[in-house]
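First up is the structure itself, then whatever we jot down about it.
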Protein chains: 2
Amino acid sequence: MTTPQLTKNQSLVFDVLEKAEGPLSAYTILDKLRDHGFRAPLQVYRALEKLLEYGVVHRLESINSFVACAHPGDDCHSHGIVAFAICESCGQVMEFHDHEVDHRLMAWVRGQKFKPAKTTIEIRGLCEACAA
Amino acid sequence: MTTPQLTKNQSLVFDVLEKAEGPLSAYTILDKLRDHGFRAPLQVYRALEKLLEYGVVHRLESINSFVACAHPGDDCHSHGIVAFAICESCGQVMEFHDHEVDHRLMAWVRGQKFKPAKTTIEIRGLCEACAA
DNA sequence: CAATTGATGTAATAACATAACATATTGAAT
DNA sequence: ATTCAATATGTTATGTTATTACATCAATTG
Ligand SMILES: [Zn+2]
Ligand SMILES: [Zn+2]
Ligand SMILES: [Zn+2]
Ligand SMILES: [Zn+2]
């Protein structure tokens with residue numbers, strides 16, 4: 001997925017996510033953009049939809065939040081499965097991918113004749129700093 | 001986690017999930033239990049909280065739904081990571097685990113000094129019947 | 001019998017997400 | 001330049017998921 005020029009709203013939402021320390025909920029993004037004219041959740045959700053499609057933002061299903069991709073331009077990223085480690089204390093997110101994990105999961109679903117579309121791997125826990 | 005005797009509400013919620021074809025949302029469970037005296041979401045959420053704790057029910061983060069464990073009594077289940085393949089057409093869920101996937105993910109987080117607490121692996125797609 | 005603990009009932013509210021409809025902007029194609 | 005289609009945006013309302021707060025009830029125990 002090549003990323004086209006972002007529209008005004010898409011740029012605003014993306015900038016907020018890039019500058020954020022960690023993942024943000026759609027409504028938190030909305031609040032941060034009220035000064036820029038945002039009034040309704042749909043303005044955020046519509047921008048997020050595109051940013052997710054372009055692969056520059058990820059959705060963290062287990063915490064209903066969104067985060068800017070930590071590996072922009074990473075090619076293997078576009079087809080490989082991405083995994084996240086999410087600190088439940090400070091919110092910090094680490095993003096990584098592992099081909100062996102991909103292969104094992106895809107081999108399993110293939111064996112079941114299941115056609116995978118989108119895979120979520122999220123590990124919640126404590127980062128080094130917060131576990132200390 | 002050894003499963004204690006379920007309370008009335010826990011049993012009702014668990015029975016609904018066991019008899020269901022696929023995952024159910026909390027509010028769907030609530031509707032199915034109105035005849036049994038359920039009136040409020042909290043009655044469902046409180047029962048689910050315990051059932052999740054006992055490991056007899058799983059929460060599917062990516063679809064905000066709950067499903068009865070497909071491998072009750074499976075020992076490796078209690079410490080291994082469980083993965084789900086979820087058909088986006090018919091809702092059918094397959095549950096499995098793979099030690100190699102566990103090991104790779106846990107090795108990675110250990111390398112980051114991250115302390116994992118709960119891991120989610122969910123593959124959305126189409127089951128064999130629905131892909132045909 | 002208190003006193004504690006865990007379970008339940010109920011109402012209200014918070015948090016997350018989408019539907020429906022109107023308007024505006026962009027970028028071809030003629 | 002005008003028309004047309006496609007995309008983006010604005011706005012209101014509503015739908016869906018989850019929790020807070022507080023009262024009551026039941027079982028256990030000292
Ligand atoms: Zn990424
Ligand atoms: Zn942390
Ligand atoms: Zn299970
Ligand atoms: Zn199916």
Side-chain angles (χ1 to χ4, degrees), chain A residues 1-17 20 22-54 56-67 86 88 91 118 120 122 124, chain B residues 1-17 20 22-54 56-67 86 88 91 118 120 122 124:
Chain A
M1 171 73 60
T2 172
T3 307
Q5 188 64 33
L6 298 183
T7 67
K8 177 161 160 283
N9 285 2
Q10 289 160 18
S11 292
L12 287 167
V13 169
F14 184 64
D15 287 351
V16 165
L17 282 174
L24 301 177
S25 75
Y27 277 73
T28 301
I29 296 169
L30 174 57
D31 285 340
K32 288 179 182 293
L33 288 175
R34 293 214 187 263
D35 293 345
H36 294 264
F38 274 45
R39 310 292 310 276
L42 215 50
Q43 295 175 284
V44 176
Y45 282 110
R46 286 202 277 229
L48 286 172
E49 184 179 29
K50 289 298 182 181
L51 296 171
L52 291 168
E53 184 183 324
Y54 304 152
V56 296
V57 163
H58 298 292
R59 178 192 174 92
L60 302 177
E61 306 280 0
S62 64
I63 58 173
N64 296 320
S65 294
F66 303 85
V67 69
I86 306 167
E88 292 182 301
K118 181 81 177 68
T120 295
E122 296 176 17
R124 273 100 64 216
Chain B
M1 172 72 58
T2 171
T3 307
Q5 188 63 33
L6 298 183
T7 67
K8 178 160 159 284
N9 284 3
Q10 289 160 19
S11 291
L12 287 167
V13 169
F14 184 64
D15 287 351
V16 165
L17 283 173
L24 302 177
S25 76
Y27 279 75
T28 301
I29 296 170
L30 174 57
D31 285 340
K32 288 181 182 292
L33 288 175
R34 294 215 186 263
D35 294 344
H36 294 265
F38 273 45
R39 310 294 308 279
L42 211 52
Q43 295 175 284
V44 177
Y45 282 110
R46 287 204 276 230
L48 285 171
E49 184 179 28
K50 289 298 182 179
L51 295 170
L52 290 168
E53 184 183 325
Y54 303 152
V56 296
V57 162
H58 298 293
R59 177 192 175 93
L60 302 177
E61 306 280 0
S62 64
I63 57 174
N64 295 318
S65 293
F66 303 85
V67 68
I86 306 167
E88 292 182 300
K118 181 82 177 67
T120 295
E122 296 176 17
R124 273 101 63 217

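If you're wondering where the values come from, they're calculated on a predicted model, not measured in any experiment. By convention in this document, chain letters (A, B, ...) are assigned in the order of the sequence lines, proteins followed by strands, and residues within each chain are numbered from 1.
Side-chain atoms of A:Leu51 and A:Leu6, non-hydrogen and from C-beta on, do get closer than 4.5 Å to each other. Between A:Gln43 and A:His36, every side-chain heavy-atom pair lies at or beyond the 4.5 Å cut-off. A heavy-atom distance below 4.5 Å is found between the side chains of A:Asp31 and A:Arg34.
Contact between the side-chain N/O atoms of B:Asn64 and the OP1/OP2 oxygens of D:dA18 is found at a separation under 4.0 Å. A close approach under 4.0 Å does occur between a side-chain nitrogen or oxygen of A:Arg59 and OP1 or OP2 of C:dA17. In this structure, B:Tyr45 reaches the D:dA18 phosphate: one of its side-chain N or O atoms is under 4.0 Å from OP1 or OP2.
Note: CD (B:Glu49) to C1' (C:dA7) measures 12 Å, nearest angstrom. Atoms CG (B:Leu6) and C1' (C:dG6) sit 15 Å apart, rounded to a whole Å. The nearest whole Å value for the distance from the NE2 atom in B:His36 to the C1' atom in C:dG9 is 18 Å. Summarising the geometry, the separation between CG on A:Leu52 and C1' on C:dA17 is reported as 14 Å, rounded to the nearest angstrom. Taking atom CD1 of residue A:Ile63 and atom C1' of nucleotide D:dT17, one finds them 16 Å apart after rounding to whole Å. A:Leu30 places its CG atom 15 Å from the C1' atom of C:dT18, with the value rounded to the nearest Å.
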Walk me through it: do A:Phe38 and A:Asn9 pass the test side-chain contact (heavy atoms from CB on, under 4.5 Å)? CA-CA 9 Å; A:Phe38 274 45; A:Asn9 285 2; 3.4 Å; yes
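Using a cutoff of 4.0 Å between basic side-chain nitrogens and carboxylate oxygens, A:Arg124 and B:Glu61 are scored as salt-bridged. The existence of a salt bridge linking A:Glu53 and A:Lys50 is confirmed by a sub-4.0 Å separation between a basic side-chain nitrogen and an acidic carboxylate oxygen.
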Measure all distances between protein nitrogen or oxygen atoms and nitrogen or oxygen atoms of nucleotides 6-13 of chain D, and list the pairs falling under 3.5 Å.
{"unit_1": "D:dT9", "atom_1": "OP1", "unit_2": "A:Thr7", "atom_2": "OG1", "d": "3.0"}
{"unit_1": "D:dT9", "atom_1": "OP1", "unit_2": "A:Asn9", "atom_2": "N", "d": "3.3"}
{"unit_1": "D:dT9", "atom_1": "OP2", "unit_2": "A:Thr7", "atom_2": "OG1", "d": "3.4"}
{"unit_1": "D:dG10", "atom_1": "OP2", "unit_2": "A:Asn9", "atom_2": "ND2", "d": "3.1"}
{"unit_1": "D:dG10", "atom_1": "OP2", "unit_2": "A:Gln43", "atom_2": "NE2", "d": "2.4"}
{"unit_1": "D:dG10", "atom_1": "N7", "unit_2": "A:Arg46", "atom_2": "NH2", "d": "2.4"}
{"unit_1": "D:dG10", "atom_1": "O6", "unit_2": "A:Arg46", "atom_2": "NH1", "d": "3.0"}
{"unit_1": "D:dG10", "atom_1": "O6", "unit_2": "A:Arg46", "atom_2": "NH2", "d": "3.0"}

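At a cut-off of 3.5 angstrom, the base of C:dA14 holds no donor-acceptor pair with the side chain of A:Tyr27.
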